[in-house]
Amino acid sequence: MLQSEVWVTNMIRQNKKQKGFHSPAFWHKSLRMRFTLIFMSIMISVVGICIFMNRYFLEDFYLREKQDTVMELITEIDEKLAANHFSGSREELTDSLSNEMIRILKQCWTQYNISVVILGTDGNVLFRSSSEMIDLHKRLSQYIIDGNMDVKKLYDNKRYQIVMMRESQSANRYMDAFGFLKNGCIFLMSTPVESIRESAAISNRFYMYTGLIVAFLSGLYIFFLMRRMMRPVLELSDIASRMAEQDFGVRYEGDSGDEIGILGNSMNYMAAELEKTITELKSANEQLQKDINEKIQIDDMRKEFLSNVSHELKTPIAIIQGYAEGLKECVNDDPEDREFYCDVIMDESQKMNQMVQKLMKLNQLEFGNQMLEITSFDLGEMIRGMMDATGVLFEQKEGIVEYRQHCESMQVTGDEFMIEEVLKNYLSNAANHLRQGGKVLVMAEDSTDNRIRVSVYNQGQQIPEEFLDKVWIKFFKVDKARTREYGGSGIGLSIVKAIMEQHGCPYGVENKEDGVMFWFEMNREKQSNCDWTV
């Protein structure tokens, strides 16, 4: 058994011993018991609320609904009579008004179970909705003339009243509305309170409203309680998700003694053990991967180096071998030809020696074996001196060489010998790629971060855009046949890259309108004033 399993088992046993799964204290904290008590209390509350509201509020709700309906009908009748300019006399009745009033009163009887009688200003019956007109007429007389009815007043305004009336003989209750319409006519509306059909509809509506209210309140109650109770579960879920993403620093901070508390403590222990184990595995894996990458890199570099060197040395060795065999076999006894053979052998040997020297220098720069000797020197003086030294290269192509200095002070800091090597490579590269009778422009100007930028531009064939980033790779040549003509090895710009990276200064190459421009920047010794004029 694993140590974590032993720990969890011991914790459960300790919990059983101290509290016990069947003890009252445990079940008081149990989630199942909490859920049971909550839902039981909700159900009891819902039933109790329904009984209470049905017992004390259903009748009042029913009466208010009936009262609102009666008031709406009175308003509708008033508006209909006013729209027809009816003043209350039977002689003014028209067929259209009679039909409209019959429709309204029929709706009162069939839809709302309300009987209606309307008397004109002369006391004659104008409209009625049922055959019980004798009763209603007599009751209206008692309301209006006698005024001695024993009723319970529900609503009263200046024109009419709404009352609750109980018949002495049948003990039936009626809601009656009586009074005057706006045109002076007398009316009476009566509806039985005990109407079964209407009572059922209103009761159902009341229960619907009550049910919605209770359901809404219960939903809120359950939502907030469950959110509080499920918060530890969600916290444990989040911890598990973060552990799946290898974040083992998370911990459960709850202190409850129920099942969630036990699970949280177990997850804390598991997270600590996994964090320790995964950290050790990561460290070992990173070190292993680093060793593998270094081995692969070294092996690739070795293969690349051997391939490039063998390729570069193959041609001069073949030339030397061929001319040496010719001398040995006395192919040509002419002294001038023998001297030419020797010159070729010496020239190819010199090229191989230069390439080997450059490779050694590049190797020292890339592996940091050559330390920088930082001094302060005049960059302008170095540029002019280097242009004089390489002038013969430009004269061979009848090129025009121009130097423009836009800054008064050219004092910079760096390794003077290495920067001279950068300039030498740039100028020789410009001379080798310069077109016949072309122009070379060397320019020094201010740059950002208190630096001086030196650029070397030559008129000639542009470098293809896809090769601009590759010219710094050792042994890379855009035109291998042309490079062979002037003895280039493809190492010079790699040396420039290594030197500038050791200095921590930027460098680059750009295609211009009619040629190529290489540039590098050097840190100033101090800020200078620039005239920005040629």
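Because the structure is a prediction, the values reported are computed rather than measured.
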Considering non-hydrogen atoms only, spot the tightest contact between V440 and F394 and give its length.
CG2-CE2, 3.6 Å
Rounded to the nearest 0.5 Å, what separates atom CZ in R451 from atom CG in N523?
5.0 Å
Could you list the residues that satisfy side chain to side chain donor-acceptor pair (under 3.5 Å) with N285, not counting sequence neighbours?
none
State, yes or no, whether a side-chain contact exists between R404 and E445 at a heavy-atom distance under 4.5 Å.
no
Does the side chain of M386 come within less than 4.5 Å of E420's, by heavy atoms?
yes
Taking all atoms of both residues into account, what is the closest heavy-atom pair of I383 and L423, and its distance?
CG1-CD1, 3.8 Å
Below 30° counts as parallel, above 60° as perpendicular, anything between as tilted: where do the rings of F518 and W472 land?
perpendicular
Salt-bridge criterion met for R524 and D449 (N-O under 4.0 Å)
no
To the nearest 0.5 Å, how far apart are CZ in R453 and CE in M443?
9.0 Å
Go through the steps for D378 and M382 under the test side-chain contact (heavy atoms from CB on, under 4.5 Å), then give the verdict.
CA-CA 7 Å; D378 191 324; M382 176 187 289; over 6 Å; no
Could you tell me whether a side-chain N or O of N432 sits under 3.5 Å from a main-chain N or O of S428, the two making a donor and an acceptor?
yes
side-chain contact (heavy atoms from CB on, under 4.5 Å) between L427 and V442: does it pass, once the steps are laid out?
CA-CA 9 Å; L427 290 171; V442 182; 3.9 Å; yes
Atom pair CG/CG of N293 and L288 - distance to nearest 0.5 Å:
9.5 Å
Is there a side-chain contact between F377 and F417, using heavy atoms and a 4.5 Å cut-off?
no
Scanning both residues in full, the closest heavy-atom pair of D415 with H503 reads N-NE2, 3.0 Å
Atom pair CD/NZ of E501 and K497 - distance to nearest 0.5 Å
5.0 Å
Among all residues two or more places apart in sequence or in another chain, which pass the salt bridge (Lys or Arg N to Asp or Glu O under 4.0 Å) test with D68?
none
Counting C-beta onward and ignoring hydrogens, is there a side-chain heavy-atom pair between V412 and E525 closer than 4.5 Å?
no
M500 and M522: side-chain contact (heavy atoms from CB on, under 4.5 Å), yes or no, with the steps?
CA-CA 9 Å; M500 298 313 301; M522 290 299 298; 4.2 Å; yes
Quick check: do L493 and Y426 have side-chain heavy atoms less than 4.5 Å from each other?
yes
Are V456 and M517 side-chain neighbours, meaning at least one heavy-atom pair lies under 4.5 Å?
no
What's the shortest heavy-atom distance between G515 and Q462, and which atoms?
O-CG, 3.6 Å
Kindly indicate, with the supporting measurements, whether the criterion side-chain contact (heavy atoms from CB on, under 4.5 Å) is fulfilled by V516 and E510.
CA-CA 6 Å; V516 181; E510 302 172 10; over 6 Å; no
If you look at every heavy atom in R435 and G460, which pair is closest and at what distance?
NH2-O, 3.9 Å
Do S447 and E521 have a side chain donor and acceptor closer than 3.5 Å?
yes
Heavy atoms only: give me the nearest V509-W519 pair and the separation to one decimal.
N-NE1, 3.8 Å
Taking the side chain from N511 and the backbone from I463, do they hold a donor-acceptor pair closer than 3.5 Å?
yes
Any D514 side-chain heavy atom under 4.5 Å of Y457 side chain
yes
Within 6.0 angstrom of D469 CG, more than 12 heavy atoms from elsewhere:
no
Is it true that atom CD of Q436 has more than 12 heavy atoms of other residues, nucleotides or ligands lying nearer than 6.0 Å?
yes
For K439, give me all partners under salt bridge (Lys or Arg N to Asp or Glu O under 4.0 Å), at least two apart in sequence or on another chain.
E402
From K276 NZ over to L274 CG, what is the distance, rounded to the nearest 0.5 angstrom?
12.0 Å
Is there side-chain contact between Q411 and E381, with at least one heavy-atom pair below 4.5 Å?
no
Distance col, row I452:CD1 vs C505:SG, nearest 0.5 angstrom, shows 11.0 Å
